[in-house]
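Single-structure report; data block below.
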Amino acid sequence: MKIATAFHDIAYGVRTMTANVFFPSMCLLCKQPMDATHSAVCAACFNRLQMITSPYCARCSQPFPYEMEWAEEPCDACQREQPIFDAARAIWHYDTESKHLIQKLKYADHTHLAPYLGRVLRGQGATLLEQGALLAPVPLHPKRLLHRRYNQAMLLAREVSRTTPHMKLIPELLQRTRHTSPQTTLSQAERKKNVAGVFRVNPSYKRAVQGERIIMIDDVMTTGSTLNACAAALKESGAAWVGVLTLAKRCMESDMYEGWEWE
Ligand SMILES: [Zn+2]
Ligand SMILES: [Zn+2]
């Protein structure tokens, strides 16, 4: 695992340098030249990314169509089945635009996007981040890590940790105990079954998580099955509170609350 992490660090550094040299100021989404050299997308594309704004469910980040009577009131889905994690903040709706951007980081080797996306997470997730003490990326199975050469959640967590000195990043806090088939084509029930018991707290950090407030970082929350399975492992090891910070969330339309099923 340590070798894989070192390899990942070197690959990330080289890719970031290469990208900065060859693609200094082109919007990644519309490919138009832009002035802002420290951004990855132009202002027009950024504005097309649909941000999740207040009011939203504090538990899962599902936006509410109107202000709730009690600020802490959970959404219908959370009332039906409480997430195992305690709080969540997702920045964008997971739609065509944000999917395009995130997939570039995840599958297309655009690892130089990480500093930009990390800044977005840090800025928009500030209130949640203030509540945590440890930071942990959702892990990939070592087999998939070797294939992809980097874990996008790890890149994001590292960027967030650069500007959150009150938090300690533990890159290998969570581990996958077995390889699972990709979640993308599965129903909500299948997803839950697919990841049940797949994660564990790295035995080296069992003591570190006891009584701690931990924030997990990932790129997207769809049904929340993976994040719930991770939260279960953390809570079983004695974590006091678990938060979730992701770039995007697949949100439900307010009239779809009843009897919903993903894909
Ligand atoms: Zn653009
Ligand atoms: Zn909710």
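Just so you know, ligand 1 is whichever comes first in the structure, and atom 1 is the first atom listed for that ligand. The structure presented is a predicted model; accordingly, all values stated were derived computationally and were not measured.
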How open is the angle at the Zn ion (ligand 2) from atom SG of Cys57 over to atom SG of Cys75, rounded to 10 degrees?
120°
Can you find a heavy atom in the side chain of Leu101 that is under 4.5 Å from one in the side chain of Leu113?
yes
Arg176 CZ to Cys230 SG distance, which is reported to the nearest 0.5 Å:
7.0 Å
Between Asp218 and Lys249, is the closest basic N to carboxylate O distance under 4.0 Å?
no
Taking the Zn ion (ligand 2) as the apex, SG on Cys60 and SG on Cys78 give an angle, to 10°, of 100°
Here the vertex angle at the Zn ion (ligand 1) for SG of Cys45 and SG of Cys30, given to 10°, is 110°
Ignoring hydrogens and geometry beyond distance, is a side-chain donor-acceptor pair present between Thr163 and Arg122 at under 3.5 Å?
yes
